Every structure is written in structure tokens, then in C-alpha cells.
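Written out below as C-alpha cells is the structure these notes cover.
Bear in mind the structure is a predicted one, so any value in this text is a computation, not a measurement. Any value given below was found using the heavy atoms of this structure, including those in side chains, with hydrogens, waters and symmetry copies removed.
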Amino acid sequence: MLALQRDVDTPEGTRTARFRSVHLLRDRTPEAILHTAEHLTPEYVFQPQFLSHANTAKGLDSVQLVVADADLPAYTRRYEKILDRKPTNNSFR
């Protein structure tokens, strides 16, 4: 686990935003480099001036991985553990 911090501007002046981050071992997710972040001071991060983007995105709704049929069970098990939820499987043929 990594303890991280950075200064951010707030209406009350500069404050220190604090985070905890965990990086998953690279050999556990060969398809991507994954890490998590926990905002310990969300009031400094989720300020109105930081919540918009030029492309108007509001959040991440889903992630799609395309894998060979033979690899699907292993990927499914792995991401069920990582995300702590059941996946949906949409196949296009």
C-alpha cells in the first residue's frame, strides 16, 4: 500500500489531499496495469472545479475486455475477485 498526498487549491486556501493506493501485481493482470485509490480527504478532491472535463464525461460506467473463449473463465474469476461483483457477458458473433 502506498500513502500519497498532494496539495490542492480550495476556497479556504491550499489543503493537502491524501490517498491510499494499492497496485495489483503485474503477473496477476497481464492484460493491464491496475491499481486502486482510496480518497482519504474526498472534500478536497471532489470540488466542483475538478468535476468536469472537456469531453463532458461524468464517470466510468463499465469496462469491456475482449478475450478468447478459452480464456473467459480465468478472466471472469479474476475480475470477480478484483471488482467484487459478478460480470455481465455480452458476446457478439
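With hydrophobic clusters built from ILVMFWY side chains whose heavy atoms lie under 4.5 angstrom apart, L65 shares a cluster with L83. Side-chain heavy atoms closer than 4.5 Å link hydrophobic residues (I, L, V, M, F, W, Y) into clusters, and following such links, even through other members, never connects V8 to L40. I82 and M1 end up in different hydrophobic clusters when Ile, Leu, Val, Met, Phe, Trp and Tyr side chains are linked at under 4.5 Å. L4 and F46 fall within the same hydrophobic cluster, defined by Ile, Leu, Val, Met, Phe, Trp and Tyr side-chain heavy atoms under 4.5 Å apart, directly or through other members. Cluster annotation: L2 is connected to V45 through the hydrophobic network of ILVMFWY side chains, with a link wherever side-chain heavy atoms come within less than 4.5 Å.
One distance of note links NZ of K81 with OG1 of T76; it measures 12.5 Å at 0.5 Å rounding. From L34, atom CG reaches atom OG1 of T29 across 4.5 Å, with rounding to the nearest 0.5 Å.
Atom CZ of R28 sits in a sparse spot, with 12 or fewer heavy atoms from other residues, nucleotides or ligands closer than 6.0 Å. Annotation: I33, atom CD1; neighbour count of heavy atoms from other residues, nucleotides and ligands within 6.0 Å does not exceed 12. No more than 12 heavy atoms of other residues, nucleotides or ligands shown are found within 6.0 angstrom of CG on D84.
A side-chain donor-acceptor contact under 3.5 Å links T41 to the backbone of R18. Judged by distance alone, the side chain of S21 and the main-chain N or O of T36 form a donor-acceptor pair under 3.5 Å.
The salt bridge (charged side-chain N to carboxylate O under 4.0 Å, His left out) search around R15 returns none, not counting sequence neighbours. Taking K86 as the reference, E80 meet the salt bridge (charged side-chain N to carboxylate O under 4.0 Å, His left out) condition, with sequence neighbours excluded. Under the salt bridge (charged side-chain N to carboxylate O under 4.0 Å, His left out) criterion, R20 pairs with E38, sequence neighbours left out.
Residue Y44 comes nearest to F50 through the heavy atom pair O-CE1, 3.8 Å, listed as atom of the first residue, atom of the second, then distance. The two residues Q47 and L51 come nearest to each other via the heavy atoms O-CG, 3.2 Å.
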